[in-house]
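What follows is a short report on a single structure.
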Amino acid sequence: MTTTIEDLKAREILDSRGQPTIEVICTTNYGHTATASVPAGASTGGHEAAELRDNDPKRFDGRGVLSVIAAVQGEIREALAGMPVAEQRAIDDRLVNLDGTDNKSRLGANAILGVSMAVARAGARAAEVPLYRYLGGDDSHRLPIPSFNVLNGGAHAAWQGADFQEYMAMPHGAAHFSDALRWATDIYRRLKDMLKEQGIGTGVGDEGGFAPTVQSNRQPLDWLLGAIENAGLRPGRDVSLAFDAAASELRPDHDYELSAEGRSLTADELIEYYEDLAADYPIRLLEDGLHEDDWAGWQRLNRQLGDRLTLVGDDIFVTQSAYIERGIHLKCANAVLIKLNQVGTVSETVDAVGLAHSAGWETMVSHRSGETTDDFIADLAVAVGSRYIKSGAPARGERVAKYNRLMAIEAELGARATFAGGEDQ
Ligand code: PGA
Ligand code: ZN
């Protein structure tokens with residue numbers, strides 16, 4: 001007999017910022033149970049699928065998700081009960097159609113994604129294969145290059161932090177994923193020592209990276225470079241730098257405001273600023289260099305830097321095929337950030353990756369700044385063959401859950417495991 005969805009339940013749990021989110025539990029007619037939980041962003045793109053909240057000021061300042069739970073246990077459960085758990089695409093299609101809006105705003109992208117992920121896990125349980133192989137097939141054996149956000153700024157950090165949101169270390173020169181992770185912990189410790197020696201606070205931001213006050217937006221790059229060298233690693237050869245400018249957050253009016261430097265730049269001046277940075281530092285990847293609506297600016301950015309840098313679009317593409325298609329047509333970038341909750345179902349996320357790869361673009365699977373200990377994205381990255389993953393610093397439970405899961409996958413694959421970083425050597 002076919003394994004089908006018997007029941008769907010949801011609960012309110014807390015994310016890493018202490019905000020409520022949902023955990024969904026899917027049960028099959030054979031008694032498999034699988035749970036999944038949904039993350040939340042802070043610097044969200046304007047076109048992301050809509051996350052639903054109760055807006056009841058008496059609970060969690062309006063951010064409760066009881067209405068989301070009601071949708072899962074009511075309308076969604078009724079529509080999906082009895083469907084074969086292996087039919088992920090049919091289930092995701094039904095969820096999209098049931099919602100009926102363009103941005104999943106009726107049932108909530110958080111309700112829909114929690115169900116979609118829990119169903120995928122239940123399907124893997126029923127098939128008795130690990131999630132990465134269930135989603136990606138027997139050929140899924142490549143571990144992504146991790147990018148560690150060790151210095152946090154922008155919307156994820158304190159007052160007077162760096163304007164750019166994420167300064168990341170990317171240990172692509174390691175032989176294995178687990179070595180890359182170990183190197184990252186060395187860099188993180190050296191960085192902490194350096195900041196302490198200079199009398200600088202080592203409190204952390206939302207993604208586990210240090211979040212000090214800075215004199216300029218270059219200062220975190222200098223610290224990061226120093227920490228890599230102090231760890232006995234070679235900048236550029238072993239470990240490159242990556243950063244997420246999250247530029248949509250820098251533009252309340254028109255020009256890009258760099259408060260740490262007391263000046264504003266036009267899009268073209270900001271592109272020049274990046275060009276200088278790329279000349280002075282071993283930077284490999286730049287995410288969200290410009291505002292999500294500035295498609296013409298992104299074209300110029302890609303023309304000027306696309307041959308030297310991996311230019312990743314996050315808020316501009318929001319993991320949605322229609323925007324990625326437009327970006328490919330306009331030659332706006334050469335890589336896409338992949339976040340499940342920007343689009344809202346597992347199938348649409350897999351499609352977004354497939355579209356990017358078919359154009360020869362790279363992908364980077366990503367956590368959100370508000371996370372849970374769910375490690376789904378680790379399996380997803382291996383399943384879709386993503387070259388990159390980012391899940392914050394190599395510290396804090398909700399961040400390392402993903403990295404630890406990737407180490408477990410690497411160990412399970414044994415000699416079959418490959419590391420995407422090895423391809424650069
Ligand atoms: P967010 O940040 O989860 O707050 O959107 C992550 C990112 O911008 O990449
Ligand atoms: Zn981003």
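Quick note: residue numbers are just sequence positions, from 1. Only a predicted model underlies this, so the values are computations on that prediction, with no experimental measurement involved. Every number for a ligand or one of its atoms is a count from 1 in the order of the listing. Quick note: numbers below take in every heavy atom, side chains included, and nothing from hydrogens, waters or symmetry partners.
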If we ignore hydrogens and angles and just use 3.5 Å, is the side chain of [X] paired with the main-chain N or O of [Y] as donor and acceptor?
X: E75; Y: A71; value: no
X: D54; Y: S67; value: yes
X: D374; Y: S37; value: yes
X: S116; Y: L113; value: no

If the cut-off is 4.0 Å to any non-hydrogen atom of [X], which atoms of ligand 1 fall inside it?
X: E287; answer: 9 (O)
X: K390; answer: 7 (C), 9 (O)
X: E166; answer: 6 (C), 7 (C), 8 (O), 9 (O)
X: S369; answer: 1 (P), 3 (O), 4 (O)
X: R368; answer: 1 (P), 3 (O), 5 (O)
X: G41; answer: 1 (P), 3 (O), 4 (O), 5 (O)
X: D244; answer: 7 (C), 8 (O), 9 (O)
X: D314; answer: 7 (C), 8 (O), 9 (O)

Identify whether the distance between the nearest side-chain nitrogen and carboxylate oxygen of [X] and [Y] falls below 4.0 Å.
X: R308; Y: E275; value: yes
X: K390; Y: E166; value: yes
X: D375; Y: R121; value: yes

To check your reading of the model: name the closest protein heavy atom to [atom], its residue, and the distance in Å.
atom: atom 8 (O) of ligand 1; answer: Q165 NE2, 2.9 Å
atom: atom 7 (C) of ligand 1; answer: K339 NZ, 3.1 Å
atom: atom 2 (O) of ligand 1; answer: H156 CE1, 3.2 Å

Would you list the protein N, O or S atoms within less than 2.8 Å of the Zn ion (ligand 2), leaving out water? D244 OD2, E287 OE2, D314 OD2
Taking 4.0 Å as the limit for heavy-atom contacts, which would you say applies to [X] with ligand 1: side chain only, backbone only, both, or neither?
X: H367; answer: neither
X: L337; answer: side chain
X: A246; answer: neither
X: D315; answer: neither

Polar-atom distance check: [X] versus ligand 1, any N or O pair below 3.5 Å?
X: S366; result: no
X: R17; result: no
X: A40; result: no

Dump the intermediate steps for ring pair (Phe, Tyr, Trp, His ring centres under 6.0 Å) on Y273 and Y256, then the final yes or no. CA-CA 11 Å; Y273 184 99; Y256 294 87; over 10 Å; no
To the nearest 0.5 Å, atom OG1 of T345 lies from atom CZ of R89 at 8.0 Å
Rounded distance (nearest 0.5 Å) linking atom CD of E51 with atom NZ of K104: 14.0 Å
Ring centres under 6.0 angstrom apart ([X], [Y]):
X: F148; Y: Y403; result: yes
X: F164; Y: F243; result: yes
X: W361; Y: F317; result: yes

Other residues, nucleotides and ligands only: do more than 12 of their heavy atoms fall within 6.0 Å of CG on D56? yes
Which one of K196, R189, R190 satisfies the salt bridge (Lys or Arg N to Asp or Glu O under 4.0 Å) criterion with D193? R190
